[in-house]
Amino acid sequence: MNNTHVLEEAQRIINGERMMQYGEARASFTAIAKMWTTFKGIEISATDVAMMMILLKVVRSRHAVKLDSLVDIAGYAALADQMENRNDD
């Protein structure tokens with residue numbers, strides 16, 4: 001799979017099966033942000049959630065970089081952009 005396919009697969013997943021499984025990303029990430037804000041006592045935004053999920057995937061990739069992790073990172077990056085209202089499609 002080349003880099004274009006990684007990006008296409010991420011787009012397919014975040015606008016297809018993940019949306020079907022978990023609902024609209026903005027609502028989900030906002031709910032997660034509220035829970036994390038309450039738990040940590042600091043303000044966490046929906047964008048922060050997407051960025052922290054990228055960091056989680058990076059840490060998991062320290063030992064072996066797997067294709068599905070790269071696809072997930074690309075998907076979370078697209079969702080971070082969406083959370084910032086740059087891409088509401």
Side-chain angles (χ1 to χ4, degrees):
M1 184 179 291
N2 64 37
N3 62 351
T4 301
H5 288 116
V6 168
L7 299 173
E8 289 170 351
E9 179 67 4
Q11 189 70 18
R12 185 189 67 74
I13 289 171
I14 65 173
N15 291 314
E17 62 187 68
R18 292 297 187 277
M19 190 183 305
M20 299 288 279
Q21 289 174 338
Y22 302 114
E24 196 271 324
R26 184 177 307 280
S28 179
F29 283 26
T30 298
I32 293 166
K34 287 178 183 177
M35 291 184 142
W36 288 358
T37 293
T38 300
F39 181 75
K40 292 301 295 174
I42 59 171
E43 188 65 33
I44 296 173
S45 70
T47 302
D48 293 332
V49 170
M51 299 303 285
M52 286 189 270
M53 294 305 293
I54 290 170
L55 294 173
L56 174 119
K57 291 295 183 173
V58 169
V59 169
R60 285 184 176 174
S61 296
R62 288 182 312 167
H63 302 290
V65 178
K66 296 183 179 180
L67 181 60
D68 66 310
S69 291
L70 297 175
V71 170
D72 287 346
I73 288 167
Y76 285 125
L79 292 172
D81 182 61
Q82 185 180 34
M83 297 307 117
E84 288 293 308
N85 296 312
R86 287 189 282 258
N87 184 14
D88 280 335
D89 315 1

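Owing to the predicted nature of the structure, the values given are computational and were not obtained by experimental measurement.
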Close side-chain approach of Leu79 to Gln82, heavy-atom, < 4.5 Å: yes
For Ala33 and Ala46 the tightest heavy-atom approach is CB-N, 3.8 Å
My understanding is that only residues two or more places apart in sequence, or in another chain, count here; which of them pass salt bridge (charged side-chain N to carboxylate O under 4.0 Å, His left out) with Asp48? none
Return the set of residues passing side-chain contact (heavy atoms from CB on, under 4.5 Å) with Ile54 (not counting sequence neighbours), or none when no residue passes. Met51, Val58, Ile73, Tyr76, Ala77
List the steps and the verdict of side-chain contact (heavy atoms from CB on, under 4.5 Å) for Asp72 and Lys66. CA-CA 10 Å; Asp72 287 346; Lys66 296 183 179 180; over 6 Å; no
Indicate the atoms forming the closest heavy-atom contact of Phe29 with Ala50, along with that distance. CE2-CB, 3.5 Å
Identify, with sequence neighbours excluded, every residue that meets side chain to side chain donor-acceptor pair (under 3.5 Å) alongside Thr37. none
For Met19, does the CE atom sit with more than 12 other heavy atoms under 6.0 Å from it, leaving out its own atoms? yes
Give, for atom CD1 of Ile44 and atom CE of Met52, the distance between the pair rounded to the nearest 0.5 Å. 4.5 Å
If Ile, Leu, Val, Met, Phe, Trp and Tyr residues are connected whenever their side-chain heavy atoms lie under 4.5 Å apart, and connections chain through other members, are Met83 and Ile42 in the same group? yes
Should Gln21 and Ile13 count as side-chain neighbours, where that means a heavy-atom distance under 4.5 Å? no
Do you know the tightest heavy-atom contact between Gly75 and Ala10? N-CB, 3.6 Å
Does some side-chain heavy atom of Arg12 sit less than 4.5 Å from a side-chain heavy atom of Val71? no
Looking at residues at least two apart in the chain, or sitting in another chain, which of them share a salt bridge (charged side-chain N to carboxylate O under 4.0 Å, His left out) with Glu43? none
Contacts of type side chain to side chain donor-acceptor pair (under 3.5 Å), residue Glu24, not counting sequence neighbours: none
Working to the nearest 0.5 angstrom, can you tell me the gap between Glu9 CD and Gln11 CD? 11.0 Å
At what distance, to the nearest 0.5 angstrom, does CG of Leu55 lie from NZ of Lys57? 12.5 Å
Quick one: list whatever passes side-chain contact (heavy atoms from CB on, under 4.5 Å) with Leu56, sequence neighbours left out. Met53, Arg60
